[in-house]
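Every value quoted in this text rests on a predicted model; they were computed, and no experiment measured them.
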Protein chains: 2
Amino acid sequence: MSALRRTSRPVYQQIADELRDAISGDDIGPDGRLPTEAELVERYGVTRGTVRQALAVLVNEGLVVSDRPRGYFVRRRRHMTYRPQQELLVTDGAPAMDRFHRSVAEEGRTPSQTIDVSIVVPPREIATRLRLNAGETAAVRRRVRSIDGEPFNINNSYYPLSIVQGSEIVLPHDIARGANRVLAELGHRQVGLRHHLISRMPTPSERHRLQLSPGTPVTVHYLTGYTAEGIPVRAVENVLPGDRHEVLIEDGQVPPDNESST
Amino acid sequence: MSALRRTSRPVYQQIADELRDAISGDDIGPDGRLPTEAELVERYGVTRGTVRQALAVLVNEGLVVSDRPRGYFVRRRRHMTYRPQQELLVTDGAPAMDRFHRSVAEEGRTPSQTIDVSIVVPPREIATRLRLNAGETAAVRRRVRSIDGEPFNINNSYYPLSIVQGSEIVLPHDIARGANRVLAELGHRQVGLRHHLISRMPTPSERHRLQLSPGTPVTVHYLTGYTAEGIPVRAVENVLPGDRHEVLIEDGQVPPDNESST
DNA sequence: TAGTGGTCTAGACCACGTA
DNA sequence: ACGTGGTCTAGACCACTAA
């Protein structure tokens, strides 16, 4: 049908542009299905390879997923609000898992998590934040939190071995009163936090563990907890899929939040 | 040379895996050059199409860029630290551009920015935050900040027209004492901020304006400023390329930051 | 000018889930 | 069983830039 100019922009980009417009307009809504590759081949009079190149553009932009063999579909974003300030100084109050549980349950969905604990030489990003020497080990509690059985984020919490050795932090169970509380009981109460946020594409391992579609970036949230003496006693690496999370931080005097938490 | 199994994983993924390992190991360092497509064709005994498929994987992971006709190169990340808390309540102190200028100049690089001001119906994300009715207009100051002539981030600040009409905020010049100060003089001093951070792939327009390589996500930072009465008087949309920024937030009592700002 | 990656064609076989 | 997208081959011509 609609012949495309051969002169200017590559054909596959023109096709991608038209499909993108059809999506951002409302010709194809969220969860809507795109034409099949065969249909596009016929419509534009090009090879399947060219059509696939066009679709790959949209897939890598995170606009579209291929759900074989059903076809290509427009992606929908569903954001859960993540409030890193709630990780603040909670030696009292509800621990992290309870908060996650509660906010998810409020929406009628089912939260779950896996925990695995081990002693490792942490990655550079963590070792630096805990001020460990090269080769020095730390205890790590690795969690994958899921909603309705689908993985939602990764949460790896590292603690200097010298501090948590023999405590229940190195046991692979949920800590009902919260790890921060345990640290405080061990004499290492946190009074300050530093948050680092970066955005990047996921590693193959993250893509697999979080079941990420192509074109989905992650926000990596590094959190370091300090005692009153300025000693880091906790370093967290939080991997948040971009299509499922937004980060909310409030500063100063703000009105109540009316928006939904999803 | 090294024949690849035909049984299990697709060949192009196996090639991508080997190249990725070569990169994360130190066989190919940052800025290092990958083998040419022709070399990979010969090494693996596959078609150029398959080799290109493998390379596309790495490009979309943000690990590699193609710099035609020089070849494929390993990408290097250079992070500038962005501190949204410095946007906090600055009715006194140095305004935003000064801070950007100073921190860039400290590294011996040259900052610059373009400003353009217009009256628009803001996008939904902004209209919601400013509590505008459908179709209601706002003044927007659009900035592109650059370092050494290369675009670095996009900063679009929206103000309700009823508030800033006739003030210097609607003039396309830098405001030496800061827009926050002007708002305060107009009787709308901000006492609280709400930060929203999301991570996604850039739009084609953003990719073009920021000259982003494929595989580079952006962090979008929405900032809303509230008066003591809880009225939003400023909504900012900040687009931060993931390969150039990290966000730093401090909470409570933390030791001095020893890390470099880049 | 030589060599690089970018675009496009024409075809083949396969894995998979839904109907 | 059928139609979907996933993988792979074998070729062609082109645009760009560093040597």
Taking the side chain of [X] as its heavy atoms from C-beta onward, which of [options] lies nearest to it?
X        : options                 : value
Thr47(B) : dT9(D), dG6(C), dT7(D)  : dT9(D)
Pro10(A) : dG6(C), dT9(D), dC8(C)  : dC8(C)
Tyr12(A) : dC8(C), dG6(C), dC13(C) : dC8(C)
Thr36(A) : dT4(D), dT7(C), dG6(D)  : dT4(D)

| Is Arg83(B) salt-bridged to Asp257(B), cutoff N-O under 4.0 Å? | yes

Would you check if the side chain of [X] reaches a backbone N or O of [Y] as a donor-acceptor pair within less than 3.5 Å?
X         : Y         : value
Arg77(B)  : Gly242(B) : yes
His208(B) : Pro204(B) : no
Arg109(A) : Ser103(A) : no
Thr216(B) : Ser213(B) : yes
Glu206(A) : Thr203(A) : yes

| Taking C-beta and beyond as the side chain, do Val220(B) and Arg200(B) meet within less than 4.5 Å on heavy atoms? | yes

Integer-rounded Å distance: [N] [atom2] and [X] [atom1]:
X        : N       : atom1 : atom2 : value
Glu37(A) : dG6(D)  : CD    : P     : 6 Å
Leu55(A) : dT4(D)  : CG    : C1'   : 13 Å
Arg48(A) : dG3(D)  : CZ    : P     : 14 Å
Arg52(B) : dT7(C)  : CZ    : C1'   : 8 Å
Gln53(A) : dG5(D)  : CD    : C1'   : 16 Å
Tyr44(B) : dA10(D) : OH    : P     : 19 Å
Asp67(A) : dC16(C) : CG    : P     : 14 Å

| query | In B/S/- notation, 5' to 3', how is nucleotides 14-19 of chain D contacted by protein heavy atoms closer than 4.0 Å? | reply | -BBS--

| query | Partners of Glu61(A) by salt bridge (charged side-chain N to carboxylate O under 4.0 Å, His left out), sequence neighbours excluded? | reply |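 Applying salt bridge (charged side-chain N to carboxylate O under 4.0 Å, His left out) to Glu61(A) gives Arg20(A), Arg207(B).
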
| Within the structure, does a side-chain N or O atom of Ser66(A) lie under 4.0 Å from either OP1 or OP2 of dG6(D)? | yes

| said: Can you tell me if Gln13(A) touches the phosphate of dG6(C), counting only side-chain N or O atoms and a distance under 4.0 Å to OP1 or OP2? | reply: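 The answer is no; no side-chain N or O of Gln13(A) sits under 4.0 Å from OP1 or OP2.
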
| query | Is Glu39(A) touching bases, backbone alone, or none of the nucleic acid, heavy atoms closer than 4.0 Å? | reply |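 If one applies the 4.0 Å heavy-atom cut-off, Glu39(A) turns out to touch nothing in the nucleic acid.
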
| query | Looking only at heavy atoms, which two atoms of Arg194(B) and Leu248(A) are closest? And how far apart? | reply | CG-CD1, 3.4 Å

| Looking at residues 201-214 of chain A, who's got a heavy atom less than 4.0 Å off DNA chain C? | none

